[in-house]
Amino acid sequence: MSTAAGMAPRFSAMSGPCKICFKAAKWLPVLFIVSVVVWSYYAYVIQLNLFTVESIIEKSFYLLLYHFLLVLFLWAYWQTIFTDIGRVPKQFRLPPAELDRYESAETDEARRAVLEGFTQKQNLPVYNRTMTGDIRYCEKCVQIKPDRCHHCSVCGECVLKLDHHCPWVNNCVAFTNYKFFILFLGYALLYCLFIAATTLQYFIKFWKNQLEVPAKFHILFVFFVSIMFAISLVSLFGYHIFLVVKNRSTLESFRAPIFQLRNTWVQDKDGFSLGAFNNFIEVFGDNRSLWFLPLASSLGDGVTYPQRCVDEDTDDLLGSRQRWAEDEENELTAGYINNHAHALEEVVVQANHTNPV
């Protein structure tokens with residue numbers, strides 16, 4: 001039981017060379033994306049602009065806008081990959097004594113009582129439950145799960161507001177990097193559409209046998225590849241914009257979080273929705289100048305979240321906690337920030353954990 005005092009236990013059937021090979025293999029999708037970008041740079045900048053485009057004005061415009069989009073795209077991609085995933089604060093981890101009590105309990109009721117007692121003693125801001133009303137507990141990480149937190153089997157740990165694990169970034173898309181992921185999809189889509197739009201005329205010339213340059217096959221393939229990626233990205237980007245507007249994660253769209261409503265536990269996909277504009281602010285922050293830059297600006301700590309509806313019994317426990325209405329879409333940003341901070345102050349973890357953003 002001593003392992004619970006430090007970090008959560010990790011279980012893996014692989015060790016040594018196999019584990020190293022597995023970790024290396026997870027970078028293959030990232031290397032594929034990087035390889036495509038490097039080749040597209042060669043095809044577009046070198047073969048198209050330097051060797052094919054004759055107009056200096058056209059060439060300058062293409063190169064300037066291309067590099068602008070490329071920098072934003074790669075910057076957002078880098079942030080998505082290398083931003084550390086949000087880890088659960090240590091206050092949610094069962095200490096050795098509580099873990100012994102939990103594992104030695106003979107009935108589900110006894111284990112439930114251990115978790116309830118520990119949650120109340122630590123004053124943990126946990127409001128989501130299982131369908132049976134139990135506290136969400138991770139057996140692998142031996143800790144209580146904060147709201148919107150889920151265990152990632154690939155990373156081997158619980159992640160704050162986990163959306164999904166993305167092999168194309170070799171990282172979890174979660175609270176700490178969700179804004180970066182959205183920007184990555186958006187700038188990648190613009191990057192592909194720009195390449196497709198500016199190479200279209202040369203593709204038409206190729207189709208009419210009017211393009212007699214050595215680089216014509218590079219131009220042809222970069223056009224097709226950009227179209228193919230754009231088609232894939234437009235649906236994915238649109239879906240995640242929908243999730244931002246609704247304040248849902250991908251997991252919550254398929255398995256709605258469970259809230260207490262009039263002494264019953266009900267599933268509600270929109271339980272964290274504060275209105276479209278406020279939902280956007282929660283992800284992108286209140287500083288408008290940072291909205292479309294891959295810089296950390298999301299609100300909150302990844303542990304506590306304002307809720308759309310709060311049960312009367314919960315209100316009694318939390319005092320004058322703000323009730324969020326569904327028609328708050330036109331609320332001013334400043335009002336949202338004040339209410340958000342007020343809600344967090346009343347359910348804050350009594351500890352010195354740091355903001356992962």
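Centroid-to-centroid, the aromatic rings of Tyr42 and His218 come within less than 6.0 Å. A ring-centre distance under 6.0 Å is found for His164 and Phe181. Taking the six-membered ring where the residue is Trp, the centroids of Tyr187 and Phe194 are separated by 6.0 Å or more. Side-chain rings of Tyr137 and His151 stay apart, their centers remaining 6.0 Å or farther from each other. Tyr62 has its ring centre no less than 6.0 Å from the ring centre of Tyr66.
No side-chain heavy atom of Arg111 sits under 4.5 Å from any side-chain heavy atom of Arg101. Using a 4.5 Å heavy-atom threshold, the side chains of Thr250 and His240 count as touching. Looking at Glu103 and Glu139, their side chains never come closer than 4.5 Å, going by heavy atoms from C-beta outward. When side chains are defined from C-beta on, Leu115 counts as touching Ile144, because their heavy atoms get closer than 4.5 Å. The shortest side-chain heavy-atom distance between Phe229 and Leu189 does not fall under the 4.5 Å cut-off. For the pair Thr132/Trp265, no side-chain contact is recorded, criterion being any heavy-atom separation below 4.5 Å from C-beta on. When side chains are defined from C-beta on, Gln143 does not count as touching Lys90, because their heavy atoms never get closer than 4.5 Å.
Once rounded to the nearest 0.5 Å, the distance linking CG of Asp84 with CG of Asn177 reads 9.5 Å. The structure places CD of Glu282 at 8.5 Å from OG of Ser298, a figure rounded to the nearest 0.5 Å. The line from CG of Leu185 to SG of Cys166 is 8.0 Å long, rounded to the nearest 0.5 Å. Between atom CG of residue Leu251 and atom NZ of residue Lys161 there is a gap of 11.5 Å, rounded to the nearest 0.5 Å. Residue Leu183 holds its CG atom at 15.0 Å from OH of Tyr77, rounded to the nearest 0.5 Å. In this structure, OG on Ser40 lies 2.5 Å from OH on Tyr191, to the nearest 0.5 angstrom.
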For Ser226 and Tyr44, what are the C-alpha separation, side-chain angles and deciding distance, and is it a side-chain contact (heavy atoms from CB on, under 4.5 Å)?
CA-CA 11 Å; Ser226 62; Tyr44 189 85; over 6 Å; no
Please report the C-alpha distance between Leu160 and Val88 in whole Å, then the side-chain angles of each, then the deciding distance to 0.1 Å, and finally whether the side-chain contact (heavy atoms from CB on, under 4.5 Å) criterion is met.
CA-CA 6 Å; Leu160 297 177; Val88 178; 4.1 Å; yes
Let's go through Phe259 and Phe272 carefully: what are the C-alpha distance in whole Å and the side-chain angles of both, what is the deciding distance for ring-ring contact (aromatic ring centres under 6.0 Å, His included) to 0.1 Å, and is it a yes or a no?
CA-CA 10 Å; Phe259 300 86; Phe272 294 107; 5.1 Å; yes
Audit row: Ser297, Lys179, side-chain hydrogen bond (donor to acceptor under 3.5 Å, both in side chains) steps and yes/no:
CA-CA 8 Å; Ser297 61; Lys179 174 192 173 183; 2.7 Å; yes
Under the side-chain contact (heavy atoms from CB on, under 4.5 Å) rule, what do Leu233 and Leu193 come out as? Steps first, then yes or no, please.
CA-CA 10 Å; Leu233 286 167; Leu193 291 176; over 6 Å; no
From CA spacing to verdict: side-chain hydrogen bond (donor to acceptor under 3.5 Å, both in side chains), Thr80, Tyr178:
CA-CA 8 Å; Thr80 306; Tyr178 190 59; over 6 Å; no
Please evaluate residues Ile182 and Phe237 with respect to the criterion side-chain contact (heavy atoms from CB on, under 4.5 Å), reporting the C-alpha separation (whole Å), side-chain torsions for both, the decisive distance (0.1 Å), and the verdict.
CA-CA 7 Å; Ile182 297 295; Phe237 179 64; 4.1 Å; yes
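Scanning all heavy atoms of the two residues, the minimum distance from Val244 to Val283 falls at CG1-CG2, 4.3 Å. The two residues Cys152 and His165 have their closest heavy-atom pair at SG-ND1, 3.6 Å. Pairing each heavy atom of Ala188 with each of Phe73, the nearest pair is CB-CE1, 3.6 Å. The two residues Ile135 and Thr119 come nearest to each other via the heavy atoms CD1-OG1, 3.1 Å. For the residue pair Cys158 and Cys141, the shortest heavy atom distance occurs at N-SG, 3.5 Å.
Ring geometry, Trp291 versus Phe277: the interplanar angle exceeds 60°, so the pair is classed perpendicular (tilted spans 30 to 60°). Using cut-offs of 30° and 60° for the angle between ring planes, the Trp168 and Phe32 rings count as tilted.
With respect to Arg248 and Asp270, a salt bridge is recorded, a charged nitrogen being found less than 4.0 Å from a carboxylate O.
Here the side chain of Asp163 pairs no donor or acceptor atom with the backbone of Val173 at under 3.5 angstrom. Between the Arg136 side chain and the Cys149 main chain, a donor and an acceptor come within less than 3.5 Å of each other. Panel note: side chain Thr304, backbone Gly300; no donor-acceptor pair is recorded below 3.5 Å. Judged by distance alone, with hydrogens and angles left aside, the side-chain atoms of Asn278 form a donor-acceptor pair with the main-chain N or O of Leu274 at under 3.5 Å. A donor-acceptor pair under 3.5 Å links the side-chain atoms of Asp147 to the main chain of Asn128, judged by distance alone. Of the possible polar contacts, one joining the Thr52 side chain to the Gln47 backbone as a donor-acceptor pair under 3.5 Å is found.
Hydrophobic clustering of Ile, Leu, Val, Met, Phe, Trp and Tyr side chains at less than 4.5 Å, counting indirect connections, keeps Val45 apart from Ile56. Following chains of ILVMFWY side-chain contacts shorter than 4.5 Å, one can reach Trp39 starting from Phe203, so the two form part of one hydrophobic cluster. One hydrophobic cluster, built from ILVMFWY side chains closer than 4.5 Å, holds both Phe224 and Ile33. Both Ile46 and Tyr202 belong to a common hydrophobic cluster when Ile, Leu, Val, Met, Phe, Trp and Tyr are linked at side-chain heavy-atom distances under 4.5 angstrom. In the hydrophobic clustering of this structure, Leu94 groups with Val303; members are Ile, Leu, Val, Met, Phe, Trp, Tyr whose side-chain heavy atoms approach within less than 4.5 Å, directly or through other members.
With respect to Asn247, the side-chain hydrogen bond (donor to acceptor under 3.5 Å, both in side chains) criterion is satisfied by exactly one of Arg148, Glu252, Lys269: Arg148.
Partners of Trp78 by ring pair (Phe, Tyr, Trp, His ring centres under 6.0 Å), not counting sequence neighbours, listed by chain and number: Phe82.
When only modelled atom types and interatomic distance are considered, Thr83 and Asn171 share no side-chain donor-acceptor pair under 3.5 Å.
By the neighbour-count criterion of 12 heavy atoms within 6.0 Å, atom NZ of Lys23 is sparsely surrounded, having that number or fewer from other residues, nucleotides or ligands. Heavy-atom neighbours of Tyr239 OH from other residues, nucleotides or ligands within 6.0 Å: above the threshold of 12. More than 12 non-hydrogen atoms from other residues, nucleotides or ligands lie less than 6.0 angstrom from NZ of Lys59. Residue-environment remark: CD (Glu106) stays at or below the threshold of 12 foreign heavy atoms within 6.0 Å.
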